[in-house]
A.B. asks: 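First the structure, then my questions, so here it is.
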2 protein chains.
Amino acid sequence: MAQSDTVTRILDTAEVLFAERGFAETSLRNITSKARVNLAAVNYHFGSKKALIQAVFSRYLDPFTQRFHTALDTLEGRYEGQVIPLEELLETMATTVLAVPAERNSLKVFMRLLGLAYSQAQGHLRRFIQDEYGDVFTRFTELVRQATPDIPDAERFWRLHFMLGTVIFTLSGLDALRDIAEKDYQEQVSVRDLVRRLRPVVVAAMNAPLPANVDEEKYANA
Amino acid sequence: MAQSDTVTRILDTAEVLFAERGFAETSLRNITSKARVNLAAVNYHFGSKKALIQAVFSRYLDPFTQRFHTALDTLEGRYEGQVIPLEELLETMATTVLAVPAERNSLKVFMRLLGLAYSQAQGHLRRFIQDEYGDVFTRFTELVRQATPDIPDAERFWRLHFMLGTVIFTLSGLDALRDIAEKDYQEQVSVRDLVRRLRPVVVAAMNAPLPANVDEEKYANA
DNA sequence: GAATGTTTAAAACACTCGTTTTTTAGGAGC
DNA sequence: GCTCCTAAAAAACGAGTGTTTTAAACATTC
C-alpha cells in the first residue's frame, strides 16, 4: 500500500469536508486529522491549501470534461454536419453529469463543489476553472447557438446562465431541499429524479418567448 | 451626531464586505477598520459576529417582507376571492424585489447576501431566515398553488425552487456574469434588464409540460 | 550495506481570529 | 459638586489558522 495513498486519503477527505462546510470553514487540521494523516502532508504534497482545493476540482473536472468532449464528438459524428437539436445537447450534458459517480464518489459532492466555486466571492477558483476547463463549455455553447438560431446571442447567453443557476443551485443545495420536500410530500428524491424533472423545465425556459419591450437596437448588431 | 451612528456605520460597511467576500472571509477587524470604528463596538452593540450577520439580513428583510405582504394584500383585494394569475404573482414579486433599493442601498448587495445565505453551508443563517421570514414565502407559494392547480404539488415545489435558483444565482453572481456579457456583447445590463429577461423564462419554466416517465402513484396522493 | 532521495512525524513559527476586560470619555439627572 | 449610565477606545486573551522547519523512518539504487 502506502505509495502515495496519503494523497488519495487527503483528497477523499478534503472533498467531503469542503462540500459540507465550505473552503474557509474547513481547516487543514480538520482534513488531516480525519484522514489520519500528518498535518504537514498537505503542504508537502500539494504546496498550499489553495492548491489542494484546485486539486480536488481537477480530480472531478478532468475526467468530466474529457468524457463530455468525447460525448460531443460522437454526437457530432452522428449528425455529421447537421444541426444538433437542443434537446439532444441538453440530454448529452445531463448524461455526462450523471456519469460522474462512475469515476468519483459522489455526484452530490461534485455539484456542491461547483456551487461553492461560483458563490465563493474570491475569483481565484472561478478563474482557475474558467482557464482550465472553459474550452468544453465554449464548445457546448457554440453548439447551442447553432441549435437555437432564432435567439439573439445576448439573450441566449443569459438564458444559458439562468439554467446553469437552476441546475447548480438545485443540485448543490440538494440536501436542504430534499429535507423540506420529503417532509412535505413524503417523497424520495434522487439526483436522477431531479434531472428528469429539470429536463422539460430547461427546454421550456430556453424556448420561452423573447422578453417584451426590448430596445430594438440592442439586438440589431448581435 | 454620535448617538449610535456607529451601529449604522458598522452595518453599512459589513453588508458590503460580506457581499464582496463572504462571511468567514470578512473579519471584524476588516469591518471596524474600514468603518473607522473601534473593534469592540461590534461585540458591544450586536453581541457577536453571528448576531451582526443576522442584523444585516434583518435590515434588508424586515422592510422587504413587510412590503411584500402589503403588495399581496392589495393584489388579493383586487381579485377579491378570485384566483390570481401566475403572471400577476410573479410580477408582484419582481416589483417588490426591485423596490429594495428604495429602502436600502443596493439590490446587488441584497441578492448577493441571499445567495450567500443559501450556499453557505452552516445552517444557522438559513434557519434564521426561515424562522423569521418564512411566513411570507409560505403565503406566496400557497397563492402560486391556487394559480397553477394542474401542477402536482411536488412538481410545483421543485419548479419554484428551480426558479429561485435561477434568480438568486444570476442576480447574486451578477458582477462576474456582467463582465463576461459586456465583453462579448458590448451590452450594458442592469438588474432591471435582467428581471425583464427573467420574466418570460420563469413563466415558461413554470408552465413547462410535466416530465415524462413519471411514476404515476407518486402524484396520486399529492 | 552504506548512501540517497522520498515520505511521514513532531514541533515550532508567525499570524489572525472573535471575544473579553480594562480604561477613558461624555453627558443626564439631582 | 457628584454619581450613574452609556458609549468608545485600547489592550490583552486564548484559541485556531496556514505554513515552515527539523527529525525520524522508509524505500531504492548503486
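In what follows, every chain begins at residue 1, and chains take the letters A, B, ... in the order their sequences are listed.
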A.B. asks: Using a 4.0 Å cut-off on protein heavy atoms (strictly under), produce a 5'-to-3' string for nucleotides 9-22 of chain D with B for base contact, S for backbone-only sugar-phosphate contact, and - for none.
C.D. replies: BB-B----BBBB--
A.B. asks: Only one of F23(B), F57(B), Y60(B) clears ring pair (Phe, Tyr, Trp, His ring centres under 6.0 Å) with F18(B); which?
C.D. replies: F23(B)
A.B. asks: Should D73(B) and R139(B) count as an ion pair when the cut-off is N to O under 4.0 Å?
C.D. replies: yes
A.B. asks: Would you kindly give the NE2-to-P distance between H45(B) and dG18(C), to the nearest whole Å?
C.D. replies: 17 Å
A.B. asks: Less than 4.0 Å between a side-chain N and a carboxylate O, is that true for D193(A) and R196(A)?
C.D. replies: yes
A.B. asks: Have N30(B) and S27(B) got a donor and an acceptor in their side chains that come within less than 3.5 Å?
C.D. replies: yes
A.B. asks: Figure out the CG/C1' separation between D5(A) and dA27(D), and round it to whole Å.
C.D. replies: 16 Å
A.B. asks: Does F162(A) have any ring-ring contact (aromatic ring centres under 6.0 Å, His included) partners at least two apart in sequence or in another chain, and if so, which?
C.D. replies: none
A.B. asks: Please confirm whether the shortest side-chain N or O distance from T6(A) to OP1 or OP2 of dT8(C) is below 4.0 Å.
C.D. replies: yes
